[in-house]
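Not measured: the values here are computed from a predicted model. Atom set for the values below is all heavy atoms of this structure, side chains included, hydrogens, waters and symmetry mates excluded.
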Amino acid sequence: MKRKIVDSADEDRNNQSKRAKLDITKKRHVAAVILARGGSKGIPLKNIKLLAGIPLIGWVIRAAIDSDVFDSLWVSTDHDEIERVAKKWGAKVHRRSAEVSKDTTSSLETIQEFCRMNPEVDIICNIQATSPCLHPHHLIQAVEMVTKQGYDSVFSVVRRHHFRWQEVTREEGTDTKALNLNPAKRPHHQDWAGELCENGSFYIATKKLIDEGVLQGGKMAYFEMPAEYSIDIDIDIDWPVAEQRVLRFGYFGKDKPELVRLLLCNVLGCLTDWQISLSASGDERVSVNSRDLDGITMLQREGTEVILLTSSENPTLKTLTDKLSQQTGCVVMSLNEPKQVEVEKLMKEKRLEWKEVAYIGNDATDVDCLSLAGLSAVPLDTSGMALIAAKYQCQSTAGHGAVREFCEHILLFSWQRCYTVNNHDGN
């Protein structure tokens, strides 16, 4: 019987290959880490500033949770309010030390501290809080490049079609030069593939790489994201642009609401600011902002029914609701507690589901309806459980444009959904 002779080098390579395959296939702890320091210099507390009614960090937390590829999800912060918001949205909190909370601290240093405090973690996905158009499917595909395809690091990029030129200072006095084109043969946009640039949405790396002091290394790969999902908020001027972008391309959750067929709106504390004034003759008066009424009209023109809700027996408010009904054509409903029961009776009559209903309220009695409605909102001056239950917090106060703002939000969402359906985007 002949004995098979195996070269020791070949045997080592085979063993290494087997170990590599085992490393890829065995279950490894994948953690998402969102860095959110409280001392942002560009926009104070930027990470929890409301973007389209949702804290900025809430957009990426929701996408990360719904991707279902992470064994744990963390927000790394040094700030109490950021910690509160992070926990509300479902993240754990890594309370970073003062040593890694300085202006000069790098992301890598903070992630290294996180790794030391959480030794069970094998793979880290650093998600940027400033990327609100991130979707779960982006994270699923990118994480699987590490867990299933054997890459050590993966980072997000976007394709840009920018012509770059060499920077020249006045002191140098030299001519500039084109860096990525021939000026004599400028390509048309459609004839040039462009260049891949980091968009900052996420960086995934093994713990081994991070321990070695790098976030990008080993066997590397990029994950290309379409330009419409690539937005990074660094300065205040970006905020209005980001709000329009996120309403069109943002991720609204697994239970994405349908087109809104009905808006239920509290009169007291939403259309009014709670104030009832007295005239010199002793008459009670209450005011309504004309912009809010215009918002209701805008919705009605788009085919959305609006019903005004009241539970007060105050004769002044009764007079107001009667006039509002005449002016806007809205039905006025007087609701008793619990409101949810009566609202669901109404929905049954109209053959509606909660995902087709929008609700704007302001009180503890509204909590259930705010939680169940497809879209829900509270005015800026709302606090307590109603604020927690609402999906959108207006940046206007009650009686001073909050209803108009929510009506515009509903319309923008409807247009965004129509765009998604028309473009066959099932994500």
Closest approach of [X] to [Y] (non-hydrogen atoms, all atoms of both residues):
{"X": "A398", "Y": "D381", "value": "N-OD1, 3.2 Å"}
{"X": "A390", "Y": "V378", "value": "CB-CG1, 3.8 Å"}
{"X": "L134", "Y": "M225", "value": "CD1-CE, 4.1 Å"}
{"X": "E342", "Y": "L335", "value": "OE1-CD2, 3.6 Å"}
{"X": "E243", "Y": "L51", "value": "CG-CD1, 3.2 Å"}
{"X": "N126", "Y": "S107", "value": "ND2-CB, 4.4 Å"}

_Tell me if the CD atom of E167 is crowded by more than 12 foreign heavy atoms within 6.0 Å._
no
*Report, as yes or no, whether the 6.0 Å neighbourhood of atom NZ on K323 holds more than 12 heavy atoms from other residues, nucleotides or ligands.*
no
*asked:* Parallel, tilted or perpendicular, judged at 30° and 60°: which one describes the rings of H161 and W192?
replied: perpendicular
*F406 vs H409 aromatic rings, parallel, tilted or perpendicular, using cut-offs 30° and 60°?*
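Rings of F406 and H409: parallel, as their planes differ by under 30°.
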Just by distance, do the side chain of [X] and the backbone of [Y] share a donor-acceptor pair under 3.5 Å?
{"X": "T77", "Y": "A36", "result": "yes"}
{"X": "T272", "Y": "V288", "result": "no"}
{"X": "K208", "Y": "D152", "result": "no"}
{"X": "D292", "Y": "V403", "result": "yes"}
{"X": "E405", "Y": "S396", "result": "yes"}
{"X": "N180", "Y": "H162", "result": "yes"}
{"X": "S371", "Y": "V367", "result": "yes"}
{"X": "K207", "Y": "E120", "result": "no"}
{"X": "H94", "Y": "I111", "result": "no"}
{"X": "Q112", "Y": "I210", "result": "yes"}

Going from [atom1] on [X] to [atom2] on [Y], what distance comes out if it is rounded to the nearest 0.5 angstrom?
{"X": "E198", "Y": "R160", "atom1": "CD", "atom2": "CZ", "result": "12.0 Å"}
{"X": "L35", "Y": "N47", "atom1": "CG", "atom2": "CG", "result": "9.0 Å"}
{"X": "I296", "Y": "L263", "atom1": "CD1", "atom2": "CG", "result": "7.0 Å"}
{"X": "I34", "Y": "L73", "atom1": "CD1", "atom2": "CG", "result": "5.0 Å"}
{"X": "L196", "Y": "F155", "atom1": "CG", "atom2": "CZ", "result": "9.0 Å"}
{"X": "L324", "Y": "C330", "atom1": "CG", "atom2": "SG", "result": "8.0 Å"}

*Who pairs with E353 by salt bridge (Lys or Arg N to Asp or Glu O under 4.0 Å), at least two apart in sequence or on another chain?*
K355
Side chains of [X] and [Y]: does their closest heavy-atom pair fall under 4.5 Å?
{"X": "P187", "Y": "F163", "value": "yes"}
{"X": "Y251", "Y": "S67", "value": "no"}
{"X": "I54", "Y": "R62", "value": "yes"}
{"X": "V69", "Y": "V30", "value": "no"}
{"X": "K350", "Y": "R261", "value": "no"}
{"X": "H29", "Y": "N118", "value": "no"}
{"X": "W89", "Y": "V75", "value": "no"}
{"X": "L372", "Y": "V343", "value": "no"}

*Step by step, work out the side-chain contact (heavy atoms from CB on, under 4.5 Å) result for K102 and T105.*
CA-CA 5 Å; K102 304 172 185 176; T105 301; 3.5 Å; yes
*asked:* For R84 and E81: C-alpha separation, side-chain torsions, deciding distance, then whether salt bridge (charged side-chain N to carboxylate O under 4.0 Å, His left out) applies.
replied: CA-CA 5 Å; R84 185 191 69 80; E81 186 60 16; 2.7 Å; yes
[X] bridged to [Y] by N-O distance under 4.0 Å:
{"X": "D191", "Y": "R186", "answer": "no"}
{"X": "K87", "Y": "E83", "answer": "yes"}
{"X": "E113", "Y": "R96", "answer": "no"}
{"X": "K339", "Y": "D366", "answer": "yes"}
{"X": "D71", "Y": "R28", "answer": "no"}

_Just to verify, what does D294 make a side-chain contact (heavy atoms from CB on, under 4.5 Å) with, not counting sequence neighbours?_
R404
If we count only N and O atoms by modelled type, under 3.5 Å, do the side chains of [X] and [Y] hold a donor and an acceptor together?
{"X": "N199", "Y": "S156", "value": "yes"}
{"X": "W74", "Y": "S76", "value": "no"}
{"X": "S97", "Y": "E99", "value": "yes"}

*Can V306 and Q300 be said to form a side-chain contact (heavy atoms from CB on, under 4.5 Å), step by step?*
CA-CA 7 Å; V306 180; Q300 291 171 323; 4.1 Å; yes
*asked:* Which residue is it: T310, N362, D363? I am looking for the one with a side-chain hydrogen bond (donor to acceptor under 3.5 Å, both in side chains) to N266.
replied: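 Per the side-chain hydrogen bond (donor to acceptor under 3.5 Å, both in side chains) rule, the option paired with N266 is N362, out of T310, N362, D363.
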*Under the side-chain contact (heavy atoms from CB on, under 4.5 Å) criterion, do I204 and F223 qualify, and how do the steps go?*
CA-CA 10 Å; I204 307 173; F223 179 84; over 6 Å; no
*W59 vs S131, side-chain contact (heavy atoms from CB on, under 4.5 Å): CA-CA, chis, key distance, verdict*: CA-CA 8 Å; W59 290 99; S131 300; over 6 Å; no
*Quick one: do D80 and R95 satisfy salt bridge (charged side-chain N to carboxylate O under 4.0 Å, His left out)? Show the steps, please.*
CA-CA 9 Å; D80 292 341; R95 193 69 187 213; 2.8 Å; yes
